[in-house]
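What follows is one structure encoded as structure tokens, with my remarks underneath.
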There are 2 protein chains.
Amino acid sequence: MSPSKKGRSNRRRAAVSIRDVARRARVSIATVSRAVNRISTVDPELAKRVWKAVDEVGYVPNTQARALVSGRSRILGLIVSEITNPFFPELVQEFENLAVAQGYEVMIGSTSYDPVRTESLIRRMLQRGVDGVAIMTFGIEEDLVTKLVEREFPLVFVDAGPELPNIRVLKVNYSEGIREAVQHLAALGHRQIAFITGPLRLRSAAARRDAFRKSMGEVGLPVPSRHLIEGNHTMEGGMTAIERLVALPELPTAVLCSNDMTAIGVLHGLYETTHKIPRDISVVGFDDIHLAQFMLPPLTTVQMSCKDLATAAVQALRAGIEPDHPKAAQKEWLIPTRLVVRKSTEFPRGTLPALGKAVSARRGVAREKSPSL
Amino acid sequence: MSPSKKGRSNRRRAAVSIRDVARRARVSIATVSRAVNRISTVDPELAKRVWKAVDEVGYVPNTQARALVSGRSRILGLIVSEITNPFFPELVQEFENLAVAQGYEVMIGSTSYDPVRTESLIRRMLQRGVDGVAIMTFGIEEDLVTKLVEREFPLVFVDAGPELPNIRVLKVNYSEGIREAVQHLAALGHRQIAFITGPLRLRSAAARRDAFRKSMGEVGLPVPSRHLIEGNHTMEGGMTAIERLVALPELPTAVLCSNDMTAIGVLHGLYETTHKIPRDISVVGFDDIHLAQFMLPPLTTVQMSCKDLATAAVQALRAGIEPDHPKAAQKEWLIPTRLVVRKSTEFPRGTLPALGKAVSARRGVAREKSPSL
DNA sequence: GCGTTTATAGAAAGCGTTTCCCCATCCGGA
DNA sequence: TCCGGATGGGGAAACGCTTTCTATAAACGC
């Protein structure tokens, strides 16, 4: 307590410090520090005494001081494109759970696709002394990244960062899930399949588009440029894109979207134009956000597990931060994707309704987890 | 640079410190500190010299050291119920923008309605030395809060915290918007209006229910207990609740939900039971999340602006943190709510279709912003 | 029995700031 | 000319911790 000490003006609380523990346990502060940090050179008997004292006085190490002296804050930075896109909160949640369980705190930032914001965000994170940053978006100034890499600052990218050594990358296997989606549609009898991309300056968006093109090629279907529309990964973008498709002389029978939000926008746009889904047109999303199964109709979509993504991100960061991490040398992490069939895909319009009975053809692909109803 | 200095083992980067600036500007570190913190007693000429040196050596103050010595971290804590509920990311976004613009960083946490998580979250925030916490959820151990209040730790609650002095409260005027919603439905001719609540241990959920009861009383409508169903503010909860309503001998003609996620669940549940909205039943949400206008049909809902909420929260926090803040004495902030009419509400089923033309009756309440299509 | 390791604890040196205290300088008044 | 009070800058002491270096005691080999 020591109320005699005339407190500094602004100081909030005279927290109990390592010195109080030391006094109580009748040891030096060095020993307390070692005991608390579980350093093996301290005698077990003494350590017990220290821990007892810690409990008695209610000691909590001061993170600021610890960070100041050790140069490590135990904070992980996580940068996402847009926190209001429901995929990201799910990711953030998983990431945070994992990080906290492993003794790290998380500092989150959302760029809104704005390079200026991104840069100031990274600066803020560095200033706060984060130990590493996972960048789950793009549109980053290459030279900032280069500078960080030179400092050997731990960075983790999704898909593919700049071509630089010493950064870690989570490679999402887009082809896998998108191929399943295209084959699912092709198997149903679709020939005219459109694709609504994300903002193409995002590598992840371009990668999804490329995977689509490749998969279409594999089943021998053409991709005319009028069926490749650039969106922006938002509902508004999905609406605009579907309006352009609707304006075409012939509406494609199916449309695959670069993410679920786009697909939701498409659903909404088709509602406005009184098209029915999946009767008039089949719609497939990407991400499998929680919301997808609650859409009307429930959305067939390619699942990219944010649990997988978060797990890999945390692991990759720790690999870069902790010198003797078991995976310190690993530079790439692979993230799988897979199709989840729900109700927004069906045989193309004009197909004999009798075929509607042949549902078994679909069940072959369907791998939906037991729905939560 | 000083490469001769044999660096500590783990140290990341020998950042440029206040000493480098002092050397360069040929002043003491005390002067640099004062200049950088814009303390008026430093000679303008000297200050200019210091700033020049700051630029030249690329000095960035070390936040950890600053926090350690000043006892203030310039971090605001923000605790929300569930980051995956889209209302909260919108709130987080606004909060963060405001905080950063005012020189604060934000530490976010999501409780998932779990008191244990909440408590550990608060502890983590305290350990990281946040200057204050805005608690936008409930289910908090009263004694933890009491302890914090005794320490004069700045806390901000929504609706009403525990009955304690010295905490700040954002009072949301639920009655306002909910009354508008009930009157809107009553004016359309609805007599049987059900309400799906949130988890009732949340004060905010109970407050919404009470506002509903009161508004119903005002228009002379009864609220039989079978029309008051407890949900949990999730889509799943909305589905379960609507199933119970559907199982009733007579389906109410309208249902008001305690939040938009519940309403989305209701929409989905009614899709499964092949009821049509709004023909068979009108649905009203609460929050006005961005997604609401993209539902099928677009959701009529009560808007609670997260911008208002965030603005008030940041202001209230700063009022508690900064001793000479202009609003230091203010203890309550008022947040308005209002109805936004879209397409999920209509005349009750069985009403003469001719009445369908009398749309002007609705437009009187409608105040939808220009839709973003 | 003496010198030499091997354990373990303590003393003390920082980490990069802010801020208190004091001293030099300057100005005005007597 | 001298003194008192401002004014503004520098020295140095914290802040709470980690870690190196040193000291002591015990264990050990010859």
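Note that the coordinates shown come from a computational prediction; the quantities given were computed from them, not determined experimentally. To find a chain, count down the sequence lines: A is the first, B the second, and so on, and within it residues start at 1.
Checked against C:dT17, D:dT18, D:dG10, the side chain of B:Val27 finds its nearest nucleotide in D:dG10. Of the candidates C:dT17, D:dG9, C:dC15, C:dT17 carries the atom nearest the B:Ser17 side chain, counting heavy atoms from C-beta on. For A:Tyr59, taking side-chain heavy atoms from C-beta onward, the closest of the listed nucleotides D:dC17, C:dT17, D:dG16 is D:dC17. Nearest to the side chain of B:Ser28, among D:dG10, D:dG16, C:dG16, sits D:dG10. The side chain of A:Ile18 has D:dT18 as its nearest neighbour among C:dT18, C:dG16, D:dT18. Between C:dT19, C:dT18, D:dG9, one nucleotide has an atom nearer to the side chain of B:Ala30 than all others, and that is C:dT19. Nearest nucleotide to the side chain of A:Arg34, out of D:dG16, D:dT20, D:dG10: D:dT20.
Following rounding to the nearest Å, A:Asp43 (CG) and D:dT24 (C1') show an atom-to-atom distance of 15 Å. To the nearest angstrom, P of C:dT8 lies 21 Å from CD1 of A:Ile29. Taking atom CZ of B:Arg128 as the reference point, atom P of D:dG16 lies 17 Å away to the nearest angstrom. What separates CZ of A:Arg74 from C1' of D:dT18 is a distance of 15 Å, to the nearest Å. If you take CZ of A:Arg23 and C1' of C:dG10, they are 16 Å apart, rounded to a whole angstrom. Rounded to whole angstrom, the span from the CG atom of A:Asp20 across to the P atom of D:dG16 amounts to 9 Å. Nucleotide C:dA9 holds its P atom 14 Å from the NZ atom of A:Lys48, rounded to whole Å. Separating the CD atom of A:Gln64 from the C1' atom of C:dG16 is a distance of 13 Å, rounded to the nearest angstrom.
The side chain of B:Asn62 places no N or O atom within less than 4.0 Å of a non-bridging phosphate oxygen (OP1 or OP2) of C:dC15. When the side-chain nitrogen and oxygen atoms of B:Thr31 are compared with OP1 and OP2 of D:dG10, one or more of them lie within a distance under 4.0 Å. B:Arg66 has a side-chain polar atom (N or O) that falls below the 4.0 Å cut-off from OP1 or OP2 of C:dT18. Contact annotation: A:Ser70 side-chain N/O to D:dT18 OP1/OP2 distance is not under 4.0 Å.
Once rounded to the nearest 0.5 Å, the distance linking CD of A:Gln93 with CD of B:Glu82 reads 6.5 Å.
In this structure, B:Thr41 reaches the sugar-phosphate backbone alone: every heavy-atom distance under 4.0 Å involves primed, P, OP1 or OP2 atoms, never a base. B:Val21 comes within 4.0 angstrom of no nucleic acid atom, judged by non-hydrogen atoms across all strands.
Residue B:Lys331 qualifies as enclosed at atom NZ: its count of foreign heavy atoms under 6.0 Å is above 12.
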query: Can you list the steps and then say if A:Lys52 with A:Asp55 is a salt bridge (Lys or Arg N to Asp or Glu O under 4.0 Å)?
result: CA-CA 5 Å; A:Lys52 183 152 165 283; A:Asp55 269 359; over 6 Å; no
Verdict with reasoning, A:Arg74 to A:Thr63, per side chain to side chain contact (heavy atoms under 4.5 Å, CB included): CA-CA 9 Å; A:Arg74 294 198 75 85; A:Thr63 337; over 6 Å; no
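Contact check for A:Gln315 versus A:His325: side-chain heavy atoms found under the 4.5 Å cut-off.
If you run side-chain contact (heavy atoms from CB on, under 4.5 Å) between A:Val133 and each of A:Ile75, A:Leu148, A:Leu155, only A:Leu155 comes through.
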